[in-house]
Number of protein chains: 2
Amino acid sequence: MKSNHKSGTAFMKEKNKRCVLRCVKEKGPISRSEVADQLQLSKPTVSALVEELLQENWLKEVGPGSAGLAGGRKPIQLLFNSRAAHVIGIDMGGTKVRAGICDLDGQLLAADEFPTQTQKKSLLKALKQNVENLLNQASLNPDDILGMGIGAPGMTDTERGVVIDAPSLNWTQYPLKKEAEALFPWPVMVDNDVNVAVLGEQWLGAAKGMDHVVLISIGTGVGCGMLINGQLYRGATWAAGEIGYMVTDMAKARCADLPPPHEGYGFLEQYVGGAGIVQSMKQELKDQPESLFPNHFSAKDVFQKAKDGDRAAGKVLDEVIDHIGFAAANMISIINPEVVLLGGGISRSADWFLPRIQKTIQDFAPVSAPVLPTALRENLGVVGAVSLVLRETESVLKEL
Amino acid sequence: MKSNHKSGTAFMKEKNKRCVLRCVKEKGPISRSEVADQLQLSKPTVSALVEELLQENWLKEVGPGSAGLAGGRKPIQLLFNSRAAHVIGIDMGGTKVRAGICDLDGQLLAADEFPTQTQKKSLLKALKQNVENLLNQASLNPDDILGMGIGAPGMTDTERGVVIDAPSLNWTQYPLKKEAEALFPWPVMVDNDVNVAVLGEQWLGAAKGMDHVVLISIGTGVGCGMLINGQLYRGATWAAGEIGYMVTDMAKARCADLPPPHEGYGFLEQYVGGAGIVQSMKQELKDQPESLFPNHFSAKDVFQKAKDGDRAAGKVLDEVIDHIGFAAANMISIINPEVVLLGGGISRSADWFLPRIQKTIQDFAPVSAPVLPTALRENLGVVGAVSLVLRETESVLKEL
DNA sequence: CGCAAAGTTAGGCATCTTTACTAACTAACC
DNA sequence: GGTTAGTTAGTAAAGATGCCTAACTTTGCG
C-alpha cells in the first residue's frame, strides 16, 4: 500500500507550493494576486508560499508590472528562476557519448562528447572527466546540480537503474545508476535512449505538450518510445516498445531463409535497421554484379546511392520504407497517438519518404496522425535525459 | 490548470478517509489500530475517520477478534460493507443487451437480458423496463444505486459519454450518457465494450490485480482493450486498440483483390473476424465444390466443421489462428503486458488453438507473456461496466 | 481626495499529531 | 484461584500547522 503520507498538513502545503511554482513557471511573469486567483488559493497563502520560494531561490521578483486599467497598486511580477538548479544529461551511444548541462528551461549551457570506451571502468572515468569540464565551462559547482539523467541504448530497469541488455555496448545487467552515483554527488536516473528521446521531444521538440506520442527511432536498430496519458510507458518488464520485433509480413517471417530471430534481432529490424539495409542491398547486388557499389558500405551509402538514382538501392529502400509505413500504421491503430515521430539516422532523409509513409497510414489505419521527424537534433538525447530527471525527481518541481 | 482544490484541509481529510476505506476493503477484517499502523496515521485520526465511515455505512464492526499472543485488549474488527451501495452494469451488444446489478464486491445480485432494439427510443424503453425489474428482483431502491456503467460496441468518447461510431448498432455520435441520465436518477458512464471487458477481467477475472493487460476480443469484429500502468488506455481520440486494422501481411494488404479497406473494416478483421472467416471459407469452397457446407453458414459452423475434421475448414482456421498469433506477438512486442487475454466468441475454442499462438509469440516476440482465455463468461460485460463505474466515480471509493 | 487593486496582518477554523489516559486482555506467579 | 505485571486497543485533551476570511496598508490613477 505504501502511502506517501507526509502525514498531514505538510503534504498539503508541499502540494500547494508546487502548484504555485508551476503556475508561475507556466504563466510567465505573474503577480501574487493573479496566482491566488488562478489556483483558487487565498492571497495570504500564496504570499507565504511565494515568500518561501523566493527564499529558496526558485522564484524571483522582477520589478513592478503595469497597473490595471482602473487604477490600483502595481503588481510585483514573479518569474520562475530557471537557474535555480541545473541538470546534467548524458546520451550514451554505441560509438560516442554526449553530455550536456541544462538549466531548468532546457537551455543548454554546455555540451561535449567523447568516444565510447569499451571498458566500463574507463568509460565512467572519461565521463567523470567530461562532466567536470562541463561544470567548469558553465561555471557551476556540484551543489548547483539537481541530478543527472542517462539515456542508454538498451532495455533498462529504471527503478533499480540497471541496464538489462544493451547489445551495442555489450552490457547485460549493468547497475549503471549505482556505479554512477558512486562517482558523482548527485542522484542519477537511467532509462532507455528512445524513452529519453520521446521525453525530450515532448518537452521542447515536435511533440511539445502532447500527451500521446509515439517515437520510432531507426538507426542501427529499431526502437520505439511511447508517451501514454502524458507518461512514459515502459511495460511490465521494461520491454515495451520493442517495435523492432513487429512482424509486418507473416509470409516472409514464416518462410524466412533464416530461423526465427529472437537472438537480439527482430523481424522488422532485419529489414529496416542499418545492418538489415546493408544485407538486403548485398542480396540485391548478387543478382546484378555490374553495380557500382564498393565491397564495404553502410546504410548511409545506400541512401546516398538511391538519391543519386541507383535503381537497386532505390528498390531496397522502397521496401524499407514500406515496412516502416506499415509499422507506423500499426502503431497508430493500436496507440492512437497525437503524433508519430521518426528519429534516428534515417530522419535526415525524412522529407524524401514521409509522404509515402503517410499514404500507407491513410490507407490502412482507422484514424490518422501526423508523422514528423524529430525536431531536436544532436542534443535530443541530452535534453531528453535532462527532462527525465526533471520529471522523476522528488524535488519541488515534481508534477502532481 | 484547473486545480481540484477543495481548498485545503477538507481535501486532505477526504483523502485520508478514502485511504482508510480502501485499507479496510483490501486488508479484510482489520482493527483501527492496525489501519493506523499501515497508513502511518495516528490512532485518533483513524478512529475519527472510521467513526464517520461507520456512520455513513461504508464500514461495519464485526465483533472482537482474538487478542495478540502477548496479551492485550481484543481488537474491534472492521469490515468493508460491500452492500453500502450497488452498481448497475449494462453490456450492450449488437444482438442482445445484458443488464445486471452488483454489490461493491462485484457480486452479481440480479441479471437479465433482452434483444437489442433497432430503434434507440424503444431500446432505452426496454432498458428502463429491464432495470426496474432488476431493482425489484434485488429488492433495492434507486437510492441504493451509485451509478450505471454501459459497455457499447464501438468507439466511445467517455468524457462526454458519446458513442462516436458503433457499426453493429448503426449509431454515430449518439449521446448515450445524456440520454440514459435523462431516464435514470443516477450517473451513467459509457465506454467501449472491450475496454469494459478488460476492466472486468482485471477486477475479478484472469488478470486480477495486474497493471499491464491486453485483451483481444474476436467476435463479429476484432477489438482490443489495454490496461497500461493500471489504467485503461483510450488513446488521443478514443481510437486506441483498433487492432482490427493491424496489418500482419504487407504483401496481402497491398496486392489485395479489394481496395484498401478503411470503410469500417480493417485488414486483420478481414481475416479473423466472423464475417471474414465466412468469406475466406466461401473462397476456399469455390475450389472444391464437393464440400458439405450449406449455402448459408456462420463462423461458428466453420469451427464446428474444422473440429469434425473438415480439411478446408481446418485450412481456413489455420490461417485465422496464424494471424491472431502474429497480432498477439506484435502486441506483446509493443506493449509488454503481463498477460494477453483472448475474448469474444472465439475464446470458447481456446484450448484448441492457444498452444499455436503461444508458439508464434515465443518465436517472434522479444519477451513472453501468457495467453489466456477470458475467465468471466456471459457476465463479463456486466461486471466490467460495474467496474468502470467503481473506478471512475467521484464517490468515496475513487482511487487516489 | 476617492477609488481600486496588490499585498499584508490578525484572528478563526479545521485537521493532524503527540502525549497521556482508560479499558481489556494474557501470562505468570503466589 | 486470585493477584499483579505487561501488552495492546481505543479515547481524550492539548499543541502544531496550514488554510481562510476579513480588515488593513500600500501604491497608483483620475
Side-chain angles (χ1 to χ4, degrees), chain A residues 3-20 23-24 27 29-55 59-79 400, chain B residues 3-20 23-24 27 29-55 59-79 400:
Chain A
S3 30
N4 267 341
H5 278 279
K6 269 257 179 71
S7 280
T9 77
F11 170 77
M12 179 173 55
K13 182 178 180 183
E14 193 65 7
K15 185 187 152 181
N16 283 334
K17 199 163 158 185
R18 282 171 189 172
C19 284
V20 169
C23 182
V24 175
K27 305 285 167 63
I30 190 174
S31 70
R32 290 163 171 80
S33 213
E34 200 177 339
V35 171
D37 243 32
Q38 299 230 0
L39 297 181
Q40 310 231 43
L41 285 169
S42 69
K43 292 197 287 177
T45 301
V46 171
S47 281
L49 296 175
V50 164
E51 187 50 40
E52 286 185 35
L53 289 165
L54 284 170
Q55 214 63 229
L59 294 182
K60 51 191 179 188
E61 292 183 329
V62 294
S66 56
L69 298 146
R73 175 176 168 178
K74 278 181 186 163
I76 305 171
Q77 302 284 51
L78 298 170
L79 212 55
L400 189 99
Chain B
S3 32
N4 266 343
H5 277 279
K6 270 255 180 76
S7 281
T9 79
F11 169 78
M12 178 173 56
K13 182 178 180 183
E14 193 64 7
K15 185 187 152 179
N16 283 333
K17 199 164 158 184
R18 283 170 189 174
C19 284
V20 170
C23 181
V24 175
K27 304 286 166 64
I30 190 174
S31 70
R32 289 165 172 79
S33 210
E34 201 177 338
V35 171
D37 244 32
Q38 299 229 1
L39 296 182
Q40 310 230 42
L41 284 169
S42 68
K43 292 197 287 179
T45 301
V46 171
S47 283
L49 296 176
V50 164
E51 187 50 39
E52 286 185 33
L53 288 166
L54 285 170
Q55 215 61 231
L59 294 182
K60 50 190 177 185
E61 292 183 330
V62 294
S66 56
L69 298 148
R73 173 174 168 181
K74 278 181 187 160
I76 305 170
Q77 302 284 49
L78 298 169
L79 212 55
L400 190 97

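This one's a predicted model, so the numbers in the text were calculated from it and none came from an experiment.
The one candidate from B:Ile76, B:Leu79, B:Leu78 that meets the side-chain contact (heavy atoms from CB on, under 4.5 Å) condition with B:Val62 is B:Leu79.
In this entry the distance linking CG of B:Leu78 with C1' of D:dA9 reads 11 Å, nearest Å. Regarding B:Glu52, its CD atom lies at a distance of 11 Å from the C1' atom of C:dT15, rounded to whole Å. One atom, NZ of A:Lys13, and another, P of C:dC16, lie 18 Å apart when rounded to the nearest Å. Atom-to-atom, CD of B:Glu51 to C1' of C:dC16 comes out at 18 Å; the value is rounded to the nearest Å. Here C:dG7 presents its C1' atom at 14 Å from CD of A:Glu34, a figure rounded to the nearest Å. In this structure, A:Glu14 places its CD atom 16 Å from C1' of D:dC19, rounding to the nearest Å. For the pair B:Ile76 CD1 and C:dC25 P, the interatomic distance rounds to 10 Å; values are reported in whole Å. In this structure, A:Leu49 places its CG atom 15 Å from C1' of C:dT8, rounding to the nearest Å.
Here SG of A:Cys23 is found 4.5 Å from CG of A:Leu39. Values are rounded to the nearest 0.5 Å. To the nearest 0.5 Å, atom NZ of residue A:Lys17 and atom OG1 of residue A:Thr45 are 13.5 Å apart.
Between B:Thr45 and C:dT17 there is a side-chain N or O to OP1 or OP2 distance below 4.0 Å. Contact between the side-chain N/O atoms of A:Ser42 and the OP1/OP2 oxygens of D:dT21 is not found at any separation under 4.0 Å. OP1 and OP2 of D:dT27 both lie 4.0 Å or more from every side-chain N or O belonging to A:Lys74. A sub-4.0 Å separation between OP1 or OP2 of D:dA9 and a side-chain N or O of B:Ser47 is absent. Using a 4.0 Å cut-off, no side-chain N or O of A:Asn16 falls inside it from OP1 or OP2 of D:dG18. The phosphate of C:dA6 (OP1 or OP2) has a side-chain N or O of A:Ser33 nearer than 4.0 angstrom.
Nearest nucleotide to the side chain of B:Leu41, out of D:dG10, C:dC16, D:dC20: C:dC16. Comparing D:dT27, C:dT17, D:dG18 by their nearest atom to the side chain of B:Pro44 picks out C:dT17.
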| field | Check against side chain to side chain contact (heavy atoms under 4.5 Å, CB included), B:Glu61 and B:Arg32 | value | CA-CA 10 Å; B:Glu61 292 183 330; B:Arg32 289 165 172 79; 2.8 Å; yes
| task | Dump the intermediate steps for side chain to side chain contact (heavy atoms under 4.5 Å, CB included) on A:Leu49 and A:Asn16, then the final yes or no. | result | CA-CA 8 Å; A:Leu49 296 175; A:Asn16 283 334; 3.7 Å; yes
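Side-chain to base pairing of A:Lys43 with C:dG7: one donor and one acceptor N or O lie within less than 3.5 Å of each other.
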